[in-house]
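Step one of this worksheet: look at the structure below.
Along the sequence shown, residues carry numbers from 1.
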Amino acid sequence: DPSIIAVIGTSCSGAGVPASKIVSDAGYVMISPSNTAPSLTDPDQAWNPGYLRTAHNDKVQGRAMAVYALEELGVTTAAAIHDGDPYTEGLARVFADSFAEMGGDLVAFEAIGKGDTDMHPALMAVSEAGPPEFIYYPIFIAEGAAITTQAREVAGLENVILSGADGIQSPAFIDAAGDAAEGMYVSGPDLGFAGELYQTFLTTYQNNYGTAPTAPFHAHALDATYMILNSIKAVAVQDEDGTIHIGRQALRDSLYATKDFQGITGNLTCNEYGDCADPNIAVSQVTNGEFVPIWSD
């Protein structure tokens, strides 16, 4: 479609892998506000020209959660569970490797299937391998809620500390997991943004949609949009008849050259493979059915 200038997306890293190839082959640019899998900006894995992101790289998030578990909670043994998705497996692997490198004992690294509802086999494997003091499962809402509600049913895991990531940081997870989620920990982007632009955004969003933003990467999406609009202004050429031309390669080059862009999420500078984020990670604890930030890295 020649009228497409740029793409904001995808939401999930799993979709980002094939979508970034399609977008790249078409000559477009795509900026994701929420893809965090390390592979997507790794030229030896899944990176494609024209792909960028304002979301953090999970190399940052996974290590931050390992630091929190070891230094703040004082645990020495842990397990990780993923579902094979580039996001979940990549983040779980970074956490596992970081935890072990910093002196922790990773007793299990288990996989479940997307759509699974019975988590007892994976949880029993985790218990039999340890049991650990801490389980990190950076997966999505349905499967994350199932693990959360079933973990206490497995011998040896009655007192294990449960934790997830931004894939479950939604009111829908609280609804699905219920009281079982109370007290668990969740890593994700630090949303403690300040500044006039963010306050204007929140007010406008509330007025337009009748609610506050419900997903953690809303500000990252706004920053991605403004980066594209700014680059369009920089490279667009207007004919005498008013026709506007936006060169696809020129737009790509402008975006990759982004430096010191003052966004809601921080001071953004893109590298040659599209990592643009000013990565700040927070850990929240579910308290009275709300995600309450308690620590930032």
Fill in the blank from the handout: So the ring pair (Phe, Tyr, Trp, His ring centres under 6.0 Å) pairs with at least one residue in residues 239-278 (sequence neighbours excluded) are Trp47-Tyr273
Exercise for the section: Please list all pairs passing the ring pair (Phe, Tyr, Trp, His ring centres under 6.0 Å) test where one or both residues lie in residues 151-175, with sequence neighbours left out. Expected result: none
Handout entry: Trace of the side-chain hydrogen bond (donor to acceptor under 3.5 Å, both in side chains) decision for Asp223 with Thr54
Key = CA-CA 7 Å; Asp223 283 351; Thr54 53; over 6 Å; no
Distance (rounded to the nearest 0.5 Å) between [X] [atom1] and [Y] [atom2]:
| X | Y | atom1 | atom2 | result |
| --- | --- | --- | --- | --- |
| Asp297 | Glu71 | CG | CD | 9.5 Å |
| Asn271 | Thr258 | CG | OG1 | 11.0 Å |
| Arg152 | Thr148 | CZ | OG1 | 9.0 Å |
| Ile31 | Leu52 | CD1 | CG | 5.5 Å |

Donor-acceptor pair, side chain of [X] and main chain of [Y], under 3.5 angstrom:
| X | Y | value |
| --- | --- | --- |
| Thr204 | Thr200 | yes |
| Glu133 | Val75 | no |
| Ser98 | Phe95 | no |
| Ser13 | Ala37 | yes |
| Glu143 | Lys114 | no |
| Glu182 | Gly289 | yes |

Applying side chain to side chain contact (heavy atoms under 4.5 Å, CB included), name anything that partners [X], two or more places apart in sequence or on another chain.
| X | result |
| --- | --- |
| Asp1 | Ser3, Ile4, Tyr28 |
| Asp179 | none |
| Ile5 | Ile232, Ile246, Leu251 |
| Val154 | His120, Leu123, Met124, Ser127, Leu157 |

Quick check: do [X] and [Y] have side-chain heavy atoms less than 4.5 Å from each other?
| X | Y | answer |
| --- | --- | --- |
| Tyr51 | Ser32 | yes |
| Phe134 | Thr77 | no |
| Cys276 | Arg53 | no |
| Leu222 | His220 | no |
| Tyr68 | Arg63 | no |
| Tyr136 | Ser187 | yes |
| Ile228 | Ile8 | yes |

Hydrophobic cluster membership, with links at side-chain heavy-atom distances under 4.5 Å among I/L/V/M/F/W/Y: are [X] and [Y] in one?
| X | Y | result |
| --- | --- | --- |
| Val186 | Phe99 | no |
| Val17 | Val29 | yes |
| Phe291 | Leu162 | yes |
| Met65 | Phe217 | no |
| Val126 | Tyr185 | no |

Between [Y] and [X], do the side chains contain a donor N or O and an acceptor N or O under 3.5 Å apart?
| X | Y | result |
| --- | --- | --- |
| Gln238 | Thr243 | no |
| Asn35 | Thr10 | yes |
| Asp275 | Asn57 | yes |

Handout entry: disulfide bond (SG atoms under 2.5 Å apart) involving Cys12 - partner list, sequence neighbours excluded
Key = none
Problem - Residues that, via side-chain heavy atoms closer than 4.5 angstrom, fall in one hydrophobic cluster with Val60 - result: Ile281
Practice task
Could you list all the side chain to side chain donor-acceptor pair (under 3.5 Å) pairs where at least one residue sits in residues 162-178, not counting sequence neighbours?
Solution key: Gln61-Asp166, Tyr87-Asp166
Practice task
Please work out whether the ring planes of Tyr205 and Phe201 are parallel, tilted or perpendicular, with thresholds of 30° and 60°.
Solution key: tilted
Name the atoms and distances for all side-chain donor-acceptor pairs under 3.5 Å in residues 191-199, with sequence neighbours left out.
unit_1 : atom_1 : unit_2 : atom_2 : d
Tyr198 : OH     : His218 : NE2    : 2.8

Please list, one pair per line, the donor and acceptor atoms closer than 3.5 Å that link side chains of residues 206-216 to other protein atoms, with sequence neighbours excluded.
unit_1 : atom_1 : unit_2 : atom_2 : d
Gln206 : OE1    : Ala212 : N      : 3.2
Gln206 : NE2    : Gly210 : O      : 3.4
Asn207 : ND2    : Thr203 : O      : 3.3

Exercise for the section: Report the C-alpha distance between Asn48 and Ser24 in whole Å, list the side-chain angles of each, state the deciding distance to 0.1 Å, and finish with yes or no for side-chain hydrogen bond (donor to acceptor under 3.5 Å, both in side chains). Expected result: CA-CA 6 Å; Asn48 291 289; Ser24 181; 4.8 Å; no
Side-chain donor-acceptor contacts of residues 100-110 below 3.5 Å, not counting sequence neighbours, with atom names and distances?
none

